[in-house]
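The structure appears below as structure tokens.
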Amino acid sequence: MDCPYNLANNRQVRMLSDLTLVGCYNLSVMPEKQRNKVLLESAKSNLKHMAFFGLTEFQRKTQYLFEKTFNMNFISPFTQYNTTRASSVEINEEIQKRIEGLNFLDMELYSYAKDLFLQRYQFMRQKEHQEARRKRQEQRKFLKGRLLQTHFQSQGQGQSQNPNQNQSQNPNPNANQNLTQNLTQNLMQNLMQNLTQSLSQKENRESLKQNSGKEQNDNTSNGTNDYIGSVEKWR
């Protein structure tokens with residue numbers, strides 16, 4: 001910390017930024033305040049346009065985003081370690097503030113990265129939820145069509161096998177047709193009501209599960225649009 005040329009300070013910003021914008025390591029090209037601003041904005045821009053990045057404090061979310069972004073699955077889940085070797089080192093508040101002051105660019109970059117990461121995660125979860133809902137709607141339509149097809153086929157087979165019997169038992173064909181339509185309508189209403197209730201319960205369970213595992217985040221439209229553009233550009 002006593003060395004003014006220590007390259008460990010703000011290393012993450014320096015590694016992610018375009019150093020040619022500030023004359024590489026020539027500190028005489030521009031004032032320090034302007035140099036820091038250019039480096040930070042460059043690092044944020046490069047991070048934003050990456051198709052994927054993760055954070056070590058969110059291992060499971062990092063795995064989820066990687067798998068959804070690249071359509072690949074890991075064999076085993078990531079493990080979250082909340083205790084590290086660094087966390088066991090005790091430093092007083094004064095030294096901690098001094099470290100944060102020397103690495104203020106990295107601190108700001110990390111805050112930006114965390115916000116963008118959680119926006120990407122939330123966007124992908126919502127997209128997955130919408131896709132699951134679309135599949136359930138298609139399944140409902142398919143089942144409804146199959147049920148109608150099966151019912152009318154059975155009605156047609158019954159009438160073709162016993163035409164004389166149907167005529168003798170039902171002198172009024174219009175009444176028989178109306179009765180068949182009413183029975184079909186009631187059957188379809190009951191079936192669709194039961195199916196809708198079942199799917200609604202499933203959606204509620206998924207929503208509760210989704211809400212219970214997510215951290216609070218800022219769902220701004222800019223971060224989501226940046227993510228969509230980045231993924232589409234990568235693909």
| field | Electrostatic pair Arg134:Glu138 at N-O distance under 4.0 angstrom | value |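 Looking at Arg134 and Glu138, the cut-off is met.
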| side-chain contact (heavy atoms from CB on, under 4.5 Å), paired with Leu16, selected from Leu40, Leu39, Leu109 |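 Per the side-chain contact (heavy atoms from CB on, under 4.5 Å) rule, the option paired with Leu16 is Leu109, out of Leu40, Leu39, Leu109.
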Main-chain N/O of [Y] paired with [X] side-chain donor or acceptor, under 3.5 Å:
X	Y	answer
Asn73	Glu67	no
Ser42	Asp18	yes
Asn10	Leu102	yes
Ser45	Glu41	no

What's the shortest heavy-atom distance between [X] and [Y], and which atoms?
X	Y	result
Ser87	Thr84	OG-O, 2.6 Å
Gln63	Phe78	OE1-N, 2.6 Å
Val13	Ala43	O-CB, 3.8 Å
Thr56	Gln80	O-NE2, 3.4 Å

Within a strict 4.5 Å, meaning less than it, do heavy atoms of the [X] and [Y] side chains meet?
X	Y	answer
Asp115	Ser111	no
Phe123	Lys68	no
Asn36	Glu108	no
Thr69	Met124	yes

Check the surroundings of atom [atom1] in [X]: do more than 12 heavy atoms from other residues, nucleotides or ligands lie under 6.0 Å from it?
X	atom1	value
Glu131	CD	yes
Asn92	CG	yes
Tyr81	OH	no

If hydrophobic clusters are built by linking Ile, Leu, Val, Met, Phe, Trp and Tyr wherever their side-chain heavy atoms come under 4.5 Å apart, do [X] and [Y] end up in the same one?
X	Y	answer
Leu118	Tyr64	yes
Met1	Phe104	no
Val38	Leu27	no
Phe70	Leu55	yes

From [X] atom [atom1] to [Y] atom [atom2], the distance as rounded to the nearest 0.5 Å:
X	Y	atom1	atom2	value
Arg60	Tyr121	CZ	OH	11.0 Å
Leu7	Arg14	CG	CZ	5.0 Å
Arg120	Phe53	CZ	CZ	5.0 Å
Ile99	Ile95	CD1	CD1	7.0 Å
Arg125	Leu65	CZ	CG	10.5 Å
Lys44	Leu105	NZ	CG	9.5 Å

| request: Kindly indicate, with the supporting measurements, whether the criterion side chain to side chain contact (heavy atoms under 4.5 Å, CB included) is fulfilled by Val22 and Val29. | output: CA-CA 7 Å; Val22 294; Val29 174; over 6 Å; no
| Whether Phe66 and Phe52 hold their rings parallel, tilted or perpendicular, with breakpoints at 30° and 60° |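 Taking Phe52 first and then Phe66, their aromatic rings stand perpendicular (interplane angle over 60°).
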| task | Carefully, step by step, assess His129 and Arg133 under the rule side chain to side chain donor-acceptor pair (under 3.5 Å). | result | CA-CA 6 Å; His129 186 68; Arg133 181 180 299 176; 3.2 Å; yes
